[in-house]
Amino acid sequence: MTDASAENSLIYMDHAATTPMLPEAREAMLPYMEDLFGNPSAVYRFAGKSARAVADARAKIAAKIGALPEEIFFTSGGSESDNWAVFSACEERGFKDCHVITTQIEHHAIIEVCKRLEKLGTTVTYLPVSEEGLVDPALVEKHVRPETVIISVMMANNEIGTIQPVEEIGRIAREKGILFHTDAVQAFGHIKVDVGRMNIDLMSASAHKLGGPKGVGLLYVRKGLNITPFISGGSQERGKRAGTLNAPGIVGFGEAASISCERMDLESAEVVHMRDHMISRILTELPGTKLNGHPSKRLPGNVNISFEGIEGETALIMLDRAGICVSSGSACSSGALDPSHVLLAIGRSRDEARSAIRFTLAASNRMYEIDAVIDKLEEIIGRLRGI
Ligand SMILES: *Cc1c(COP(=O)(O)O)cnc(C)c1O
């Protein structure tokens with residue numbers, strides 16, 4: 001089999017892990033990897049072309065989230081942006097006498113930086129969530145203390161797709177004079193994001209989750225906020241984030257963000273239709289199945305199901321043999337299968353968590369692919385439950 005035919009038979013349902021690059025994004029990037037290689041920070045006119053391309057991308061992205069261009073700080077991706085937002089907020093207070101409110105279902109880029117902060121003397125509250133994965137704004141308010149510096153609640157969850165009431169949580173933070181950070185990596189380009197309406201002070205996003213290249217992201221920092229740099233060095237990004245600007249990546253991010261936001265209304269209806277078809281077919285046709293996450297406050301492409309009596313990771317490997325790419329509800333950390341912290345937080349047992357499979361769809365998926373995956377699943381589950 002040639003590579004091309006292998007690719008043709010691939011069914012990709014792991015868009016929450018990464019997305020294929022939009023051809024327009026790749027095309028837009030190419031000149032900045034070829035002839036227009038100038039350092040955007042250099043002063044000669046040749047480099048000015050790279051600087052202008054970065055400025056254009058910044059303006060395009062800012063417009064899509066209701067921000068000003070100078071509120072966008074480019075980073076190496078969502079993980080860096082998450083680390084920067086939370087760490088810097090606490091650094092300003094000297095880490096001690098400093099309190100962070102976050103949730104039990106955040107991405108590891110938030111959870112792990114919070115653990116690091118705890119070692120430095122910061123107190124962190126990890127709020128529980130409902131069985132559908134929702135954070136209760138009243139609970140956020142209840143946990144506010146005089147020393148709370150930042151509330152970090154993700155806009156939409158990467159595993160179960162639940163969309164949080166960020167606008168309300170942001171309002172509480174604003175009223176109390178506390179910073180509100182949201183990880184919008186799964187949301188930006190997929191659902192509407194408006195930093196003003198949602199009362200957001202700091203927001204993380206990443207290019208490769210919306211059809212852009214890997215290794216580039218952003219932190220939105222509301223005008224007037226003085227956040228400490230996370231990477232020290234040169235004066236790039238107004239002295240807040242040192243390092244030569246990733247001009248090709250930023251250009252690709254700008255193009256991908258524009259396109260995915262423009263196509264959102266049209267495409268999300270299609271994706272929701274495929275998602276709901278997939279969920280309802282699995283829940284009605286396959287016994288011992290349970291949906292993880294909220295039935296409607298849910299990312300358009302997210303399907304996360306626990307399949308009683310099976311190991312998600314084993315099913316994943318069997319699906320892979322059939323050319324189907326999905327994720328499971330456990331993470332392989334140091335050779336062991338740890339059930340997902342998100343699935344445990346919504347009250348799933350360890351076995352239920354380990355039996356979960358996440359399918360994340362995009363507009364490029366087709367209904368026949370969904371039906372093919374369900375047929376294959378039925379066969380795999382029958383075999384796994386038989387042994
Ligand atoms: C993918 C992801 C990240 C990390 O983004 P990178 O650009 O891969 O570092 C952070 N948060 C969420 C919710 C994600 O899905």
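We count ligands from 1, going down the list as the structure has it; atoms in each ligand are counted the same way.
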J.: Below 3.5 Å only, please: the N or O atoms of ligand 1 paired with protein N or O atoms, distance on each line.
T.:
unit_1: ligand 1; atom_1: 7 (O); unit_2: G78; atom_2: N; d: 2.8
unit_1: ligand 1; atom_1: 7 (O); unit_2: S206; atom_2: OG; d: 2.6
unit_1: ligand 1; atom_1: 8 (O); unit_2: H208; atom_2: NE2; d: 2.9
unit_1: ligand 1; atom_1: 9 (O); unit_2: G78; atom_2: N; d: 3.4
unit_1: ligand 1; atom_1: 9 (O); unit_2: S79; atom_2: N; d: 2.9
unit_1: ligand 1; atom_1: 9 (O); unit_2: S79; atom_2: OG; d: 2.7
unit_1: ligand 1; atom_1: 11 (N); unit_2: D183; atom_2: OD1; d: 3.4
unit_1: ligand 1; atom_1: 11 (N); unit_2: D183; atom_2: OD2; d: 2.6
unit_1: ligand 1; atom_1: 15 (O); unit_2: Q186; atom_2: NE2; d: 2.6
unit_1: ligand 1; atom_1: 15 (O); unit_2: K209; atom_2: NZ; d: 2.8

J.: Would you confirm whether the ring centroid of H99 sits within less than 6.0 angstrom of the ring centroid of H143?
T.: no

J.: Parallel, tilted or perpendicular, judged at 30° and 60°: which one describes the rings of Y12 and H15?
T.: perpendicular

J.: Should the pair R58-E70 be classified as a salt bridge under the 4.0 Å nitrogen-to-oxygen rule?
T.: no

J.: Can a salt bridge be assigned to the pair R171 and E167 using a cut-off of 4.0 Å between side-chain N and carboxylate O?
T.: yes

J.: Thinking salt bridges, do E270 and R263 make one under a 4.0 Å N-O criterion?
T.: no

J.: Strictly by ring pair (Phe, Tyr, Trp, His ring centres under 6.0 Å), give each pair with a member in residues 171-212 just once, sequence neighbours left out.
T.: none

